[in-house]
Amino acid sequence: MPAARRPLVAGNWKMNGMKHSGAELIAMADGYDAALKDKADLLICPPATLVALLAAETTGSGIAIGGQDCHAKASGAHTGDLSAEMLKDAGASFVIVGHSERRTDHCESDAVVRAKAEAAWRAGLTAVVCVGETRQEREGGSALAVVAAQVRGSVPAGASGANLVVAYEPVWAIGTGLVPTVGDVEEMHGEIRKVLAEALGEEAGKVRILYGGSVKPDNAPTLLKAADVDGALVGGASLKASDFLAIAKAYA
Ligand code: PEP
């Protein structure tokens, strides 16, 4: 991996976690030793109810805290929603946008995801923009085209290595225990980098592209060492400090 890109191992807790889950995060912070800090960045995206608490509990640990979604607007009459500014105020430095569960459950289009990424930047957050094909699209041979279109539609102009992370998450691999072949991952990450380069030129070489979908301690060393893979977005295995640290240690 080029020196311009430091690996990032990110955890998405989804709708899991209570106040006592802070203990798991503190265990992660304890295990984030100097050797690992030297090699990789860690990020945990808990449910919004825990962002402020966990950001306070991990101050000084080096583990970043992020949100799982944000509204495109800064404030207003949007019951139940959260703005990027609110996440920033609570102590977040990243926000995931366009996760496939948001795209499916809340019908989020690429245009909506792009507006959310712009909102993240407005608030000073790094946007983790998720893309990925369905099983049908993979089997039908359109995975590369589908994901390329998602990147073109979801990444706003003005992206940089500092304000953007892209997460390639095949929908069929999320929470299923299925993972693509290393060849398929490398081909897709290469395609995403190519699409980013069309828009960003040389800056595309600084944008981290994560792989996500059933990353576990046993498959992490293979997946994370694949060409153009700059880290992982981890769901289920990020809930336990021992699993999450074992994944990150693929870099140590
Ligand atoms: C995710 O939801 O972003 C994810 C990758 O989940 P899992 O690791 O559980 O497949």
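Whatever order the structure lists ligands and atoms in, that order sets their numbers, starting from 1.
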Problem - Under 3.5 Å donor-acceptor, D69 side chain and V97 backbone - result: no
Handout entry: Set of salt bridge (charged side-chain N to carboxylate O under 4.0 Å, His left out) partners for E187, sequence neighbours left out
Key = none
Practice task
Verify the cluster assignment for L43 and L50: are they in a single hydrophobic cluster under the rule of side-chain heavy atoms below 4.5 Å apart?
Solution key: no
Handout entry: Members sharing V182's hydrophobic cluster (side chains within less than 4.5 Å)
Key = none
Completion exercise
Counting only non-hydrogen atoms and a 4.0 Å cut-off, the residues near ligand 1 are N12, K14, H99, E169, A173, I174, G175, G212, G213, S214, L233, V234, G235, G236
Practice task
Examine distances only and state if a side-chain atom of N163 and a backbone atom of S160 form a donor-acceptor pair shorter than 3.5 Å.
Solution key: yes
Side-chain atoms of residues 166-180: list all donor-acceptor pairs with protein atoms under 3.5 Å, sequence neighbours left out, distances to 0.1 Å.
unit_1 : atom_1 : unit_2 : atom_2 : d
Y168   : OH     : E133   : OE1    : 2.9
Y168   : OH     : E133   : OE2    : 3.0
Y168   : OH     : R138   : NH2    : 3.2
E169   : OE1    : H99    : NE2    : 3.3
W172   : NE1    : E133   : OE2    : 3.0
T176   : OG1    : W172   : O      : 2.8
T176   : OG1    : A173   : O      : 3.4
T176   : OG1    : L178   : N      : 3.1

